[in-house]
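Contents: one structure, followed by commentary.
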Amino acid sequence: LGRWEAQAHDGRMSPMHWRGLFRSFLQAAPGPGAERLRRLLSQSADALPESWSRPPPWWEAIGRHRSLLGTSPCRVYMLEMINEGTEMLDDLRANTDVPPGSWFWTELVRGMKAGLEDLTDTAFRSKIPYLLRLPGRIPGALNDILAAVLARYAQCENHSRHPELLQFALESWRSPQLRTNNLWELAGTAAKQMVCGWLAQEDLEDFYQVCRGHAQIDQRRLKFWLRFTGQMDYTQILLGGEIRYSRNTDVRDFIAKKKDRIGNLTSGPASNNAILMQIGGWVFVEFSETGNACYGYPVSGANINLGRREYSIYDLKQKVTASSWLTHMDGHLSWEEKFLAELRAKGVFPDSQASRPANRQQPTATRSGAPAQPVAPPLLSPTPTGSVTRVAPQFRSDTSTPQAAAASPDEILRNAHEEFLMRSLSEMNVEIVGHRGKGGALWVYPKVRGLLHKELMALGLRYRAIKDGYYLP
């Protein structure tokens, strides 16, 4: 450096040498040496051209981008990006010699990511189309920019499905539901779960839409499961032969769109189809045709090996090994209420009741997006009336108590199940007797003998013939 500094001072540095040092500076690691080189180039840029008989063609472009040699080399380009411009950036790439691996691109992306944090949700959402065009202009920045946009979008209060962002992400990184796909870890847990939820919502809507013209479809099933899409880690549509080999243009487009996220359902009626839905540690199987129950299996039980391209209907309808076998039959309770009771017992709550990942309006949530445990109200408090205890129905309060917030996962699940149970019983023609205060059970007696047996059993109560009643231990 000392020799180059002397040449520059004496006006003896050739254009070729200056340009070589400029390239070295753009690739230099931060430190005293890089700062010394920056000063050399900046100071000599004013005097050296006078000693050259004819400045080279590239020198004019260097003049337009002298800010690269300043103490804030990315500022000009960042200001342009704030206004969604690319003129300076395009000129820089076309007419200067900034190497693809230069620190400049890294610093530019880092500054852009920091700027996203300062934008309001509305301003950020308006810039998404522009941001998705930047990877084509900033070498090697695709993963960093996409990760930043996804992470910031997951923090928005309204993080509903964004078709353009979803399409760009799938084309760049493929599906986050693929077990071997590690690229999505760059965006963080909250963003990955958000996109998994988008795909689940899309799969459910597409599944019932494409099946509508081929079989009798229960739209209530679609509406029910759409309440859980924000927690679905994996979904897969399985098509029977009737749709799989259909020549209908819309069906062929649907199959082409889904690509490797679709599978075959075999061994059953060609008119039947299925969808697999993983929510936490559970996999649920719904079928398109009415008359088919919903089956639930633990993921760890390996009853269903997710990710296969083909499933026999007999693999999915294992009543003996299923942890849940739920029929879509209404009684005193609708089948949706029965399903909710079963899911709550497994620790699965609708999205509206489950805590969402971190967002900008909830600073106490973790930025990693790890979902908090659902908070249930305190245990039901029986009030004594004579020799027994009558339990009045109690409902969820909008405000959680400190005791509830500190409850263990087992207590949370038990409390949530009891809350739903009491809400359901309050609508039935039953007498409720509680001995909880004495360490006993909660007893329920139908006021009309012989009725409500199936409904009460579906709520998790047990029948004891000697007392002709139902109890919750």
Side-chain angles (χ1 to χ4, degrees), residues 170 174-181 196-218 221-222 224-226 228-229 231-248 251-328 339 342-343 346 348:
L170 292 178
R174 301 181 67 203
S175 172
Q177 296 179 345
L178 299 175
R179 296 295 190 268
T180 58
N181 191 346
C196 283
W198 291 353
L199 292 177
Q201 179 185 350
E202 181 183 273
D203 283 349
L204 278 164
E205 292 172 348
D206 288 348
F207 176 67
Y208 283 94
Q209 180 65 32
V210 78
C211 294
R212 179 182 297 175
H214 295 264
Q216 184 180 3
I217 300 301
D218 183 1
R221 303 186 193 188
L222 169 63
F224 178 81
W225 290 110
L226 283 175
F228 297 87
T229 55
Q231 302 164 76
M232 291 184 182
D233 302 304
Y234 180 85
T235 50
Q236 185 181 15
I237 295 172
L238 306 177
L239 297 179
E242 185 174 307
I243 294 181
R244 165 60 72 178
Y245 301 110
S246 171
R247 295 184 179 181
N248 180 280
V251 172
R252 303 317 306 171
D253 291 343
F254 163 78
I255 293 175
K257 171 187 173 183
K258 293 299 180 184
K259 298 180 181 178
D260 54 359
R261 290 166 46 215
I262 209 166
N264 299 327
L265 181 64
T266 64
S267 305
S271 58
N272 204 2
N273 310 278
I275 184 167
L276 308 180
M277 302 167 286
Q278 180 187 349
I279 307 177
W282 305 93
V283 178
F284 299 94
V285 185
E286 276 282 20
F287 296 90
S288 62
E289 291 189 332
T290 57
N292 288 274
C294 173
Y295 292 77
Y297 303 92
V299 174
S300 58
N303 289 299
I304 298 179
N305 185 18
L306 295 178
R308 289 161 48 189
R309 295 302 302 273
E310 186 172 292
Y311 293 85
S312 165
I313 196 169
Y314 301 113
D315 294 336
L316 306 180
K317 301 178 77 170
Q318 302 177 33
K319 190 182 298 186
V320 175
T321 58
S323 63
S324 299
W325 182 73
L326 303 167
T327 61
H328 307 83
F339 274 38
E342 176 71 15
L343 294 176
K346 297 180 183 299
V348 178

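All values below come from the heavy atoms of this structure, side chains included, with hydrogens, waters and symmetry mates left out.
With values rounded to the nearest 0.5 angstrom, Ile304 atom CD1 is found 6.0 Å from Leu276 atom CG. One finds the CZ atom of Phe254 at 10.0 Å from the CD atom of Gln209 (value rounded to the nearest 0.5 Å). Asn273 CG to Ile313 CD1: the interatomic distance, rounded to the nearest 0.5 Å, is 9.5 Å.
Side-chain contact between Met277 and Phe228 is absent, with no heavy-atom pair separated by less than 4.5 Å. With contacts defined as side-chain heavy-atom distances shorter than 4.5 Å, the pair Gln177/Leu306 does not qualify. At a threshold of 4.5 Å between non-hydrogen side-chain atoms, the residues Leu170 and Trp198 do not count as touching. For the pair Ile255/Leu239, a side-chain contact is recorded, criterion being any heavy-atom separation below 4.5 Å from C-beta on. Looking only at side-chain heavy atoms (C-beta outward), Arg174 and Lys259 stay at 4.5 Å or farther from each other. Between Gln318 and Tyr297 the shortest side-chain heavy-atom distance falls below 4.5 Å. Side-chain contact between Arg244 and Asn264 is present, with at least one heavy-atom pair separated by less than 4.5 Å. The side-chain heavy atoms of Val210 and Ser288, taken from C-beta on, include no pair separated by under 4.5 Å.
Scored by the side chain to side chain donor-acceptor pair (under 3.5 Å) test, Ser323 finds Lys346 as partners (sequence neighbours excluded). Residues that satisfy the side chain to side chain donor-acceptor pair (under 3.5 Å) test with Asp233, not counting sequence neighbours, are absent from this structure. Scored by the side chain to side chain contact (heavy atoms under 4.5 Å, CB included) test, Ala274 finds Leu238, Leu265, Val285, Phe287, Leu316 as partners (sequence neighbours excluded). Residues satisfying the ring pair (Phe, Tyr, Trp, His ring centres under 6.0 Å) test with Phe284, not counting sequence neighbours, are Trp225. For Ser312, the side chain to side chain contact (heavy atoms under 4.5 Å, CB included) partners are Thr266, Ser267, Tyr314, Asp315, not counting sequence neighbours. Remark: Asn181 engages no residue in a side chain to side chain donor-acceptor pair (under 3.5 Å) (not counting sequence neighbours). With sequence neighbours left out, Tyr234 forms a ring pair (Phe, Tyr, Trp, His ring centres under 6.0 Å) with no residue at all. The salt bridge (charged side-chain N to carboxylate O under 4.0 Å, His left out) test applied to Glu205 returns Arg161, not counting sequence neighbours. Applying the salt bridge (charged side-chain N to carboxylate O under 4.0 Å, His left out) rule to Arg252 yields no partners; only residues at least two apart in sequence or on another chain are considered. Checked against side chain to side chain contact (heavy atoms under 4.5 Å, CB included), Lys319 has the following partners two or more places apart in sequence or in another chain: Tyr295, Trp325. Residues passing the salt bridge (charged side-chain N to carboxylate O under 4.0 Å, His left out) test with Lys258 are Glu202, Asp203, Asp206, sequence neighbours excluded.
In this structure, Ser271 and Glu242 approach most closely via the heavy-atom pair CB-OE1, 3.5 Å. Here the closest heavy-atom approach between residue Val299 and residue Gly280 is recorded as CG2-O, 4.1 Å.
Side-chain atoms of Thr229 do not come within 3.5 Å of backbone N or O of Gln201 as any donor-acceptor pair. A side-chain donor-acceptor contact under 3.5 Å links His328 to the backbone of Asn292. No donor-acceptor distance shorter than 3.5 angstrom exists from the side chain of Asn272 to the backbone of Pro269, with no hydrogens or angles considered.
Residues in residues 265-281 take part in no salt bridge (Lys or Arg N to Asp or Glu O under 4.0 Å) pair, two or more places apart or across chains.
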Evaluate Phe207 against Thr235 for side chain to side chain contact (heavy atoms under 4.5 Å, CB included), listing each step before the verdict.
CA-CA 11 Å; Phe207 176 67; Thr235 50; over 6 Å; no
Is there a side chain to side chain contact (heavy atoms under 4.5 Å, CB included) between Arg221 and Thr290? Walk through the geometry before answering.
CA-CA 10 Å; Arg221 303 186 193 188; Thr290 57; 4.1 Å; yes
So Trp282 and Leu343, side chain to side chain contact (heavy atoms under 4.5 Å, CB included) or not? Walk me through it.
CA-CA 10 Å; Trp282 305 93; Leu343 294 176; over 6 Å; no
